[in-house]
A.B. asks: 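Structure provided below as structure tokens; questions to follow.
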Amino acid sequence: MLSRVIGWIDQRFPLTSFVKRELTDYPTPRNLSYWWNFGFLAGFVLVLQIATGIFLAMHYKADVNLAFDSVQHIMRDIKYGWLLRYLHSTGASAFFVVIYIHMARTLYYGSYRAPRELLWWTGQLLMLLIMASAFMGYLLPWGQMSYWGAEVITNLFGATPLIGDRVVLWLRGDFAVGDATLTRFYALHYLFPFLIVAMVVIHMVALHTVKSSNPSGINLAAKDNIPFHPYYTSKDFFGLGIYLIIFCVFVFFLPHLFIEPNNYIPANPLVTPLHIEPEWYFLPFYAILRAIPDMLGGVVAMALSVVIFAVLPFADRSSIPGGAHYRPVFRVMFYVFIVDVLVLGYVGSQAPIGFLVPLGQIATFIYFATFILLPFVSKAEDRWLRARGLPPELQALFEQRPPREKWLRK
Amino acid sequence: MRIAMKLLSACMLFWLVGGAYAAGMALNKVEVSVDLPALERGADTVIDTCTVCHSLKYIRFRDLAGLGFAKDKVQAWRGDSPMGSVIASKMTVDSALLAFGAVPPDLSLIAKAREGGENYVYSFLLGFYAAPDGMMTNHYFPGTKMPDALGIAGVTDAAQRALLEQKARDVTSFLVWAADPHAQERQTLGYYVIGYLLLLTTLLYFLKRRIWARLNTIQQNQHKE
């Protein structure tokens, strides 16, 4: 019976062939490490955020007089409302942990390099959409930090030359963050996840066109690929188990870690908190904003720090394939960059006083210098590695075909 | 990527520790209680003393009965008000403004709404002292409008002090419950969830190993060829 139904569908829709080509038989490099689990995990987190979000939306009230109370109603009176809410609020942080690791893996192994530029850029767009969703979602509990965070961030758009004030007014729908802002952020916070889903589909189409990279950075021969199912389905589900254990420790035992004490106080436009601080996942960018003394300059630097990752496919000019595996200098740059981002995160979490000011500026300088130096460093490293002598597998690769066109011929 | 793993865990630790040290003056640590008698003593003090000025607008008398407090106790607390009514302040907004120039904050979430959480509440309750000019003030909130509700300032007798510390601990315990009434249920469920996940993940690990073992046999055969 089932096979007849599937047969009926297959005559009208390529179900079996699609599943076979894109899932079960989809060729995947056999040498992927556990760092390749994070794309799947990001997809899982997205689904969980949407699922919990829809149920939260059934009880939440987007109205300045009701929003804070409705969150408490969810936390106290709704059956397992606290679970939904903590899954969602902890899930936001988990989302950033997962996509930041996913991005760091892409950087470390040079997965952004040709022919995966579009894969990388669609990933960048995903990150921007996730950041926007997180920012708008953070306003909804209508606590003090929600309110003042939105106030400060929307205010940044006032730095736009000539039309700054009008842009801020347009974003808020009022002269200050208020009911108009809350309702539009709520509407958009419900819309954006579906834009993210659409972008994920595009991301997957790009991935399945160019296929996964792998730790060596060398395109593997057909015999070194294995079908996605059951090898990577089993590996992804094991990874998911590990992820869920860690995630649930935070959800059930440390859910307040990601909720500022100030956000348990209802929003009050008349009382400014002493120290306004964004969520941890925005802190490095926030530190870059504050490192530049001029407001417009700071805003531009912050925006640039988020989108600058897009230049990487061009900035990396090495002819050695992949990332850190065959490239020691690149590896050092990677670690310097990661440490630098952590330093920026720390600086962003502190009040800008004393040595933290120059520290933030130096870290900002190193952040951008990494991208500016990469073209020269990667070229110099290339020459140095070739002079030193390449390992046999790379030697063989270059003898096979001229390095510049090696992927075009595929 | 070993180093990356270490970096990652160091970073996680950093965030965990970082949050705890954010407050200014060192707070006294309190071990909040979750057992019913302590919560009931705390509720007694809160409803008799604190709600003269403060409200607990997210807590209904029904919730107190649901927690397991004695029926007649809840009956005495609520008086004529119905079970479904919230714990309101006995002071009107106008008289509060007249007396303090400010409306005393609602206490439902107070144990979460301050840097330091329960330790802050506990330290604040015991932090009152008379300044040299005779004015009452507080170590943890200089210039607070709140009077010394427990009467800790000027108490030198150790036994009496211990009694007040116990009272402050009970009040804090009750307020911690009020801020997150499902905390106990959450943790209990948490142990089951984590236990289940550990079991499931172990099984998934062996499943994965078994599936990938096929690959090694294939590889060995290839080498033989």
Side-chain angles (χ1 to χ4, degrees), chain A residues 30 33-35 69 72-73 75-77 80-83 86 97 101 104-105 108-109 143-144 215 223 226 230-231 233-242 244-245 247-249 251-257 259-266 275 280 324 334-335 338-339 342 345-346 349-350, chain B residues 1 3-4 7-8 10-12 14-16 18-19 22-23 57-60 63 105-106 108-117 120 179-183 185-194 196-212 214-215 218-219 222:
Chain A
R30 66 184 296 161
S33 66
Y34 278 103
W35 294 106
D69 288 347
Q72 285 307 313
H73 170 62
M75 293 295 292
R76 290 160 191 271
D77 306 332
Y80 291 107
W82 57 267
L83 181 58
Y86 283 147
V97 170
I101 293 175
R105 189 273 290 160
Y108 185 87
Y109 291 109
Q144 272 288 66
K223 74 172 172 59
I226 49 177
Y231 297 105
T233 37
S234 64
K235 195 169 177 176
D236 275 344
F237 276 108
F238 168 58
L240 179 64
I242 299 286
L244 281 176
I245 291 170
F247 179 61
C248 286
V249 167
V251 169
F252 287 97
F253 299 100
L254 299 162
H256 304 293
L257 207 63
I259 302 174
E260 269 284 311
N262 256 320
N263 233 22
Y264 284 105
I265 303 172
H275 186 45
W280 68 267
F334 171 83
Y335 283 120
I338 296 294
V339 171
L342 294 179
Y346 171 72
S349 72
Q350 302 295 310
Chain B
M1 290 302 266
I3 311 171
L7 267 175
L8 213 95
C11 156
M12 291 295 279
F14 174 79
W15 293 119
L16 284 173
K57 65 172 175 174
Y58 297 122
I59 306 292
R60 292 163 200 280
D63 302 329
D106 185 80
S108 313
L109 285 165
I110 204 78
K112 292 263 175 281
R114 295 290 181 274
E115 204 72 62
Y120 173 85
D180 193 3
H182 294 288
E185 181 193 355
R186 185 181 78 228
Q187 287 178 13
T188 314
L189 183 60
Y191 288 117
Y192 285 111
V193 170
I194 305 274
Y196 170 78
L197 284 173
L198 283 170
L199 195 72
L200 177 71
T201 306
T202 314
L203 291 175
L204 284 170
Y205 173 70
F206 286 112
L207 178 68
K208 185 253 166 191
R209 255 190 34 171
R210 213 173 146 147
I211 289 171
W212 280 70
R214 290 182 215 164
L215 219 53
I218 299 170
Q219 198 171 34
Q222 275 173 351

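Given the structure is predicted, the values throughout are model-derived calculations rather than measurements. Below, chains carry the letters A, B, ... as their sequence lines are ordered, and counting in each starts from 1.
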A.B. asks: In terms of heavy-atom proximity below 4.5 Å to chain A, should Leu198(B) be classed as side chain, backbone, both, or neither?
C.D. replies: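 Both parts, backbone and side chain.
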
A.B. asks: Which region of Ile211(B), side chain (C-beta onward) or backbone (N, CA, C, O), has a non-hydrogen atom less than 4.5 Å from a non-hydrogen atom of chain A, or is it both or neither?
C.D. replies: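 For Ile211(B), the contact with chain A is made by backbone and side chain together.
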
A.B. asks: Would you check if Leu83(A) and His182(B) make a side-chain contact, meaning some heavy-atom pair closer than 4.5 Å?
C.D. replies: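 The answer is no; the side chains never approach within 4.5 Å.
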
A.B. asks: With respect to chain B, which residue among Gly241(A), Ala324(A), Ser234(A) yields the maximal number of heavy-atom pairs within a distance under 4.5 Å?
C.D. replies: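 Max contact count across the listed options: Ser234(A).
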
A.B. asks: Kindly say whether Lys112(B) contributes a backbone atom to a donor-acceptor pair with the side chain of His256(A) at under 3.5 angstrom?
C.D. replies: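 Absent.
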
A.B. asks: Is any side-chain N of the basic residue among Lys57(B) and Asp69(A) closer than 4.0 Å to the acidic one's carboxylate O?
C.D. replies: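 So Lys57(B) pairs with Asp69(A) through a salt bridge.
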
A.B. asks: Using a 3.5 Å distance criterion without hydrogens, assess whether the side chain of Trp212(B) forms a donor-acceptor pair with backbone atoms of Tyr231(A).
C.D. replies: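 Side chain of Trp212(B) to backbone of Tyr231(A): a pair is present.
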
A.B. asks: Glu115(B) and Asn262(A): side chain to side chain contact (heavy atoms under 4.5 Å, CB included), yes or no, with the steps?
C.D. replies: CA-CA 8 Å; Glu115(B) 204 72 62; Asn262(A) 256 320; 5.9 Å; no

A.B. asks: Which pair of non-hydrogen atoms, one from Ile245(A) and one from Thr201(B), has the smallest distance, and what is that distance?
C.D. replies: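 Minimum heavy-atom contact is CD1-OG1, 3.6 Å.
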
A.B. asks: Show your reasoning for whether side chain to side chain contact (heavy atoms under 4.5 Å, CB included) applies to Arg76(A) and Tyr58(B).
C.D. replies: CA-CA 8 Å; Arg76(A) 290 160 191 271; Tyr58(B) 297 122; 3.6 Å; yes

A.B. asks: If I measure from the heavy atoms of chain A, does Thr188(B) come under 4.5 Å with its side chain, its backbone, both, or neither?
C.D. replies: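 Interface part for Thr188(B): neither.
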
A.B. asks: Select one option (side chain, backbone, both, neither) describing which atoms of Ile226(A) are under 4.5 Å from chain B's heavy atoms.
C.D. replies: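 For Ile226(A), the side chain is the part near chain B, not the backbone.
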
A.B. asks: At what distance, to the nearest 0.5 angstrom, does CG of Leu207(B) lie from NZ of Lys235(A)?
C.D. replies: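 Nearest 0.5 Å value for the CG-NZ distance: 14.0 Å.
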
A.B. asks: Let me know if Tyr34(A) has heavy atoms under 4.5 Å from chain B in its side chain, its backbone, both or neither.
C.D. replies: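 It is the side chain, since no backbone atom gets that close.
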
A.B. asks: Before giving the answer on side chain to side chain contact (heavy atoms under 4.5 Å, CB included), spell out for Tyr80(A) and Leu189(B) the whole-Å C-alpha distance, their side-chain angles and the decisive distance to 0.1 Å.
C.D. replies: CA-CA 11 Å; Tyr80(A) 291 107; Leu189(B) 183 60; 4.0 Å; yes

A.B. asks: Quick check for you: to the nearest 0.5 Å, what is the distance between Tyr86(A) atom OH and Arg186(B) atom CZ?
C.D. replies: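 The CZ atom of Arg186(B) is 5.0 Å from OH of Tyr86(A), to the nearest 0.5 Å.
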
A.B. asks: Under a 4.5 Å heavy-atom cut-off, does chain B meet the side chain of Val249(A), its backbone, both or neither?
C.D. replies: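 For Val249(A), backbone and side chain are both near chain B.
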
A.B. asks: Is chain B contacted by the side chain of Pro266(A), its backbone, both, or neither, given a heavy-atom distance below 4.5 Å?
C.D. replies: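 Contact with chain B is absent: no heavy atom of Pro266(A) under 4.5 Å.
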
A.B. asks: Count the heavy-atom pairs under 4.5 Å between each of Asp180(B), Ile110(B), Asp106(B) and chain A, then report the option with the highest count.
C.D. replies: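 When all of Asp180(B), Ile110(B), Asp106(B) are compared, Asp180(B) has the most.
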
A.B. asks: Under the side chain to side chain contact (heavy atoms under 4.5 Å, CB included) rule, what do Arg114(B) and Ile265(A) come out as? Steps first, then yes or no, please.
C.D. replies: CA-CA 9 Å; Arg114(B) 295 290 181 274; Ile265(A) 303 172; 3.5 Å; yes

A.B. asks: Please round to the nearest 0.5 Å and tell me the distance separating atom CZ of Phe238(A) and atom CG of Leu204(B).
C.D. replies: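 The CG atom of Leu204(B) is 8.0 Å from CZ of Phe238(A), to the nearest 0.5 Å.
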
A.B. asks: So, taking the atom named CZ in Phe237(A) and the one named CG in Leu203(B), what distance separates them when rounded to the nearest 0.5 Å?
C.D. replies: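 Interatomic distance, Phe237(A) CZ to Leu203(B) CG, rounded to 0.5 Å: 14.5 Å.
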
A.B. asks: Between Tyr191(B) and Phe253(A), is the ring pair (Phe, Tyr, Trp, His ring centres under 6.0 Å) condition met? List the steps.
C.D. replies: CA-CA 9 Å; Tyr191(B) 288 117; Phe253(A) 299 100; 5.0 Å; yes

